[in-house]
Every structure is written in structure tokens, then in C-alpha cells.
Protein chains: 2
Amino acid sequence: MAMNLARSVEPRSEGLVDALREAILTGRYAPGTRLVQDDLAEAFGMSRIPLREALRRLEGEGLVVISPNRGAIVRPLAPKDVVDLYDLRLALEALALRRASERYADLRASTKARHAQARQAIAARNLTKLFRLDRDFHADIAAASDNPHLVAALGAQWSQIMRVMHAYFQAGDYPVDTWDDHEAIADAVAHGEADLAVERMSAHLTGSRDRILASLRAHGDRP
Amino acid sequence: MAMNLARSVEPRSEGLVDALREAILTGRYAPGTRLVQDDLAEAFGMSRIPLREALRRLEGEGLVVISPNRGAIVRPLAPKDVVDLYDLRLALEALALRRASERYADLRASTKARHAQARQAIAARNLTKLFRLDRDFHADIAAASDNPHLVAALGAQWSQIMRVMHAYFQAGDYPVDTWDDHEAIADAVAHGEADLAVERMSAHLTGSRDRILASLRAHGDRP
DNA sequence: CCGGTCTAGATTGTATACAATTTTATGATG
DNA sequence: CATCATAAAATTGTATACAATCTAGACCGG
């Protein structure tokens, strides 16, 4: 019986993947960083076996590059990646918006709630929270598309863009009109106006991208 | 000084990933199949350590699902996946076509060459070769987009769709007008007519998808 | 016959140990 | 000083062994 409410203890490598991914997305392990197995294994208190499996997992996700006999590094990022990623992202977000609009998905309430939270987070200079709120909006749209494969593709994109932001952003750079944009997009979706929603998303993403590229040029091209 | 022309012997797990992926894409390991580590390790003549790493890699690619303490299975496929995958794929292919059209990428020669090869492959009933020729066309468009992230996304899609085709196709079902479609699309791209290319691609993919869905309904819903 | 418990077998998870390879340090040589 | 050869150290790759967990079947009371 004892029906395992605590859920069988997950294998070491499970939580490890999440911890490593988190560290990579937030830039604690910056692009290009060498991931030495002995060091990481000691840092996480386990042997290299589960660690290596976690690295392979992340390799499959595109966050890590592994060269035979030479080890793993956090996948590097170049300015062109920013352009390419946003180009791809817009195509994915547009599809998600169209599918969400078809069913008049109403994300207005949750979007508004996040807007309020964002104000607090801005006041508290809580950048981590801002990232999470931003992600939640886009994740909601993805979920509303009712297409798990699209959700996965957008998730992969988000990971890369998160890395870009952490690599090229300074805390102050977070655009304040993000949350107004979100509300405008949610409005369009709720009214089934897909084209309008896509147009607004396009402006939103272009602005975000250009801000990253500008801050990149300002702070030096050598990230 | 013996400069390693033979390229350092790649680690066991490298070739293994390719071999496993191949087996999954061609349906030799059908969707839902349990991947028992001991069996696979023996089959490939190695210990479970490199094998497990290969499975993690494929998990990251979305080809395999691993449950803690219960093992890995080939990721299942449902009819809805076919719809979702093609929906996503069209968005990706459309983006690739637009970028390729911007630079008037001329894929007409290689496309025509493949058309000729396809005729031979059809005569020889070489289904594997047909798949490869089909993939090459779409890979060429992806490459012409000059966006590695888009290439990766399309590659992931192609993997899943390959699985679908092998799961739901009979040898005879390969649509013969595929190669005419390809030539028409390449023409449009070479003339920079992106909208036309996308329209043709849309028709091409819709036809392909519907043929899969039909053959699915015909041969029973229990793949 | 049904549902539940228990144990044996099968299977996965990981630490240890060692082999293979690459990188770094060293010194010899021109 | 630059360049190459060589040895030592660091690091990755994998087999073995064993612990942890799950699965299947035997058994039993109802």
C-alpha cells in the first residue's frame, strides 16, 4: 500500500538536468564555458555517470555541445544567433497565436494579473521574476494552441533566447512596455483577431530583439 | 607525425546514437517499443553505460521517452500528432522558403537531378532511397534559409514525420507527384516568388498529410 | 473468482576502477 | 627564441559490480 505519495525518489540525473539547465539559462554557466565532469560531479555530489547522462540530455536539447574526448561546453552564442532565433521565434509564435485565436482563447485575466505582479517585480528589481512572468505569457499562448509539438519547439526557442537575454542584458534593460504589449496581444486573441495579434506580436518581438542587439553593440561585441 | 588521418576513433556512444536514431526513424523500433538496456547493450556489443547516454541524447531530441526506474520507450505517435506535426512543419517550411526566396536561391538543378533519381528509385521500388531524396530537397531549402536554428527545428520535425511515414505508410503509398511539386517549388524560389512557393508548399504538405491520414484510417487506427 | 500480500526475478540507477585520449609542462635542439 | 619531441597530468570513455526499484507470478483469505 503506502501509496507513495512522496513519489518515488527521482534518479539523481533527473533533478540534475533541471539544475544544469537552470544554470545555463540564467547564464551562471555562460556560453562557451567548459563543463568539466569531475568538477560538476563533485559540485553536485554525485559520480560522473549520472552527470554524463544529464549532459547528453542537454546536448539533445541544443544547450550543450559535446566533442568526443574533449568534453562539453555551453553552446556558444553569436549576434547572428539573436537574429536567427527571433526570426524563427516569430514564425512559431505566429502559428500559436493563430491557433489560439481560432478558439478565442481568453488569456486576458491571467495576463492582467501578471501585469500587476510585474509592477511589483520591477519595483523590487527582481529580474528573475520578470523573466518568469514573461515566459508564462508566451507559455500560455503556446498551451492555448493545443499543439504539443509547437509547445516543444517554442520551449526550445525560449531556452535559447533566455540565454541570449542573460548574456546580453543588463538588469535595467528589461523593456517596461512588455506588459502592455502582452495585454494588447491577449485582447486580440480573445476577439479572434489573429492577424492583429500576429502584427502586435511581431512589433513586440522586433522591439525586444532590437533592444538586445543594441545593448550588445553598446557593451561590446565580445560577450 | 602520424596526423591522425583516420580521425580519432569515435566513442561508442557516438555511432550508437546514429544507429538507434536510424532504427527509430525507419520504424524498426516502432513507436511504443520498450528499449531494454541489457538487450540493446548486448545487441550493439557494449556495456550499458554508453547505451544509456545514447538514450538520454535521443530523449533530448524527442525520439525517446524515459520514465524513472521504468525504462525507455520509443516515443508513441497518435493521429493527432500527424496533424500537429504538419501544422508546425508548414510554418517552418514557409519561413525557410521566404528566406531562401529573398536570396533567389537556385535549387532547380539539384531538384531536377533528384527527380531523375527518384524515377529510378520508383522503378526499383527502393523506398529508402525515395525517403532520402525527399528529405534532401527539404534539407536544401532549410540550408538555403541560412538560419541554423531553423535548420535544427526542421530537422527535428523531419525526424518525427519520418517516423509517422514509416508507421503509417505502405510502400506503394509514396505519392508520385512529389517530385513535380518539388520542381514547382524550386522554380518559385529561384524567381524570388516567396508567396507562390509557400502556396505550393502548403498544397504539397497538405496532400502528403491527408494521404497519411487516409492510409491511417484505411489500415486501422491501431498502429 | 476476486482482491490483496509477498517474494523472486528482471530491470534500472550509480559508484568505483581502470583504459584511452587529450592537454599541459618540460626540455632538447636548431 | 622558436620548434619539435616527449613525459606527466588532466580529462574523458566505458566495463564491472552492486544497490535500488519495479514487475510478475504464487499464494492466500474472503
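Computed from a predicted structure; not experimentally measured.
With DNA chain C read from its 5' end, the first of the two nearest nucleotides for I49(B) and D39(B) is the one closest to D39(B). Sequence order on DNA chain D of the closest nucleotides to R48(B) and R34(B) puts R48(B) first from the 5' end.
Protein atom CD of E42(A) is 12 Å distant from nucleotide atom P of dT16(C), rounded to whole Å. The CG atom of L35(B) sits 13 Å away from the C1' atom of dT11(C) (whole-angstrom rounding). The nearest whole Å value for the distance from the CD atom in E59(A) to the P atom in dG13(D) is 10 Å. Atom P of nucleotide dT23(C) and atom CD1 of I73(A) are separated by 12 Å, given to the nearest angstrom. For the pair L51(B) CG and dG13(D) P, the computed distance is 16 Å after rounding to whole Å. Atom pair L16(A):CG and dA15(C):P shows a separation of 11 Å (rounding to whole Å applied). Atom-to-atom, CG of D38(A) to P of dT23(C) comes out at 16 Å; the value is rounded to the nearest Å. In this entry the distance linking CG of L40(B) with P of dT12(C) reads 9 Å, nearest Å.
With sequence neighbours excluded, no residue satisfies ring pair (Phe, Tyr, Trp, His ring centres under 6.0 Å) with Y86(A).
Between dT11(C) and R70(B), no contact under 4.0 Å exists linking OP1 or OP2 to a side-chain N or O. Taking only side-chain nitrogens and oxygens, Q37(A) never comes nearer than 4.0 Å to OP1 or OP2 of dA10(D).
Ring geometry, H166(B) versus F131(B): the interplanar angle falls from 30° to 60°, so the pair is classed tilted. Taking the six-membered ring for Trp and thresholds of 30 and 60 degrees, H138(A) and H182(A) have ring planes more than 60 degrees apart, a perpendicular arrangement.
Distances were taken from every side-chain heavy atom of N69(A) (C-beta onward) to each of dT12(D), dG13(C), dT14(D); the shortest belongs to dT12(D).
Within 4.0 Å (heavy atoms only), I66(A) reaches no atom of the nucleic acid at all.
Side chains of Q117(A) and R114(A): a donor-acceptor N/O pair is absent below 3.5 angstrom, by distance only. The closest side-chain donor-acceptor pair between R89(B) and Q157(B), if any, does not fall under 3.5 angstrom.
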